[in-house]
Amino acid sequence: MRKVLESAETALGNKIELIGNNQKDCPLIIGVFHGDEPQGKYLIDKYLDEAGDFNNLLFIPCLNPDGMKSNTRCNSNNVDLNRNFPTENWGRNEGENATCDDETTAYYGGKSPASEIETQFVINIIKKYAPSIIITLHAPYKVVNYDGPAENIAEQIAEIINYPAEGSIGYPTPGSFGTYCGVERNIPTITLELDEEIPVSDLYPPIKKIFTLLNN
């Protein structure tokens, strides 16, 4: 049975929910930072439907429901949530994949740090529940990217899903969630980039093993 611990409404009135059992200091798993990367919601929902016991896990199945409904990377304000966090490097235009100061691009970081409801929701969850590790489910790069003291768990996850574990995604990401949590707050943070070229159902067996690993 799903228990909604926290919820918020987006600018378009869609729900964002935190699912769990009111546990603090346990892993947090987040799906759909980017609306055109919906795999995370499917995988989390399937696990929640099947799992008899996930007492040690917290889930946000879909952080960006507005973007998912329109199949766009950004939210309804055209903000890339993964460039909207209040980091020391927020808003810096540091290269092709970091055009976060240009409102016309898909990497726009917002008018100010944490300007978006979705970003504020996550920040409040982190403050209230103090997760021990955070995993966000993305696509399509097939890599286990990690920030902060997460190399050990990243290597365990990499072995399960058969992707490389990398400390850098290979391009600048000012205002990113990994920088906010992993680099600046020392929370082990994994950005799990999934294969988008295979059926999402094929991703479920290794993802279930990863969730089970985290639940122990």
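For the numbers below, each heavy atom of this structure counts, side chains included, while hydrogens, waters and symmetry mates do not.
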Members sharing Val32's hydrophobic cluster, built from side-chain contacts under 4.5 Å between Ile, Leu, Val, Met, Phe, Trp and Tyr, are Met68

Gap separating the CG atom of Asn75 from the CG atom of Asp66, nearest 0.5 angstrom: 6.5 Å

Is Tyr163 close to Glu193 at the side-chain level, that is, under 4.5 Å between some pair of heavy atoms? no

If the condition is side-chain contact (heavy atoms from CB on, under 4.5 Å), which residues does Glu88 pass it with, not counting sequence neighbours? Glu184

Do you know the tightest heavy-atom contact between Asn89 and Thr173? ND2-O, 4.4 Å

Within-4.5 Å side-chain heavy-atom neighbours: Ile19 and Pro61: yes

Scan residues 14-27 for pairs that pass salt bridge (charged side-chain N to carboxylate O under 4.0 Å, His left out), counting only residues two or more places apart or in two chains. none

Modelled atom types, side-chain donor and acceptor of His34 and Asp80, under 3.5 Å: yes

Set of residues satisfying side-chain hydrogen bond (donor to acceptor under 3.5 Å, both in side chains) with respect to Thr72, sequence neighbours excluded: Ser70

Salt bridge (charged side-chain N to carboxylate O under 4.0 Å, His left out): which pairs involve residues 136-165, sequence neighbours left out? none

Sequence neighbours excluded, the answer for ring-ring contact (aromatic ring centres under 6.0 Å, His included) partners of Phe85 is Phe177, Tyr180

Taking only residues two or more places apart in sequence, or in another chain, which ones meet Lys208 in a side-chain hydrogen bond (donor to acceptor under 3.5 Å, both in side chains)? none

Hits for salt bridge (charged side-chain N to carboxylate O under 4.0 Å, His left out) against Lys128, two or more places apart or cross-chain, chain-then-number order -> Glu6

For Tyr204, the side-chain hydrogen bond (donor to acceptor under 3.5 Å, both in side chains) test, sequence neighbours excluded, returns Glu50

What residues form a ring-ring contact (aromatic ring centres under 6.0 Å, His included) with Phe211, not counting sequence neighbours? Tyr47, Phe59

Taken in chain and number order and not counting sequence neighbours, the residues that satisfy side-chain contact (heavy atoms from CB on, under 4.5 Å) with Gln120 are none

Using side-chain hydrogen bond (donor to acceptor under 3.5 Å, both in side chains) as the criterion, list what pairs up with Thr119, not counting sequence neighbours. Asn84

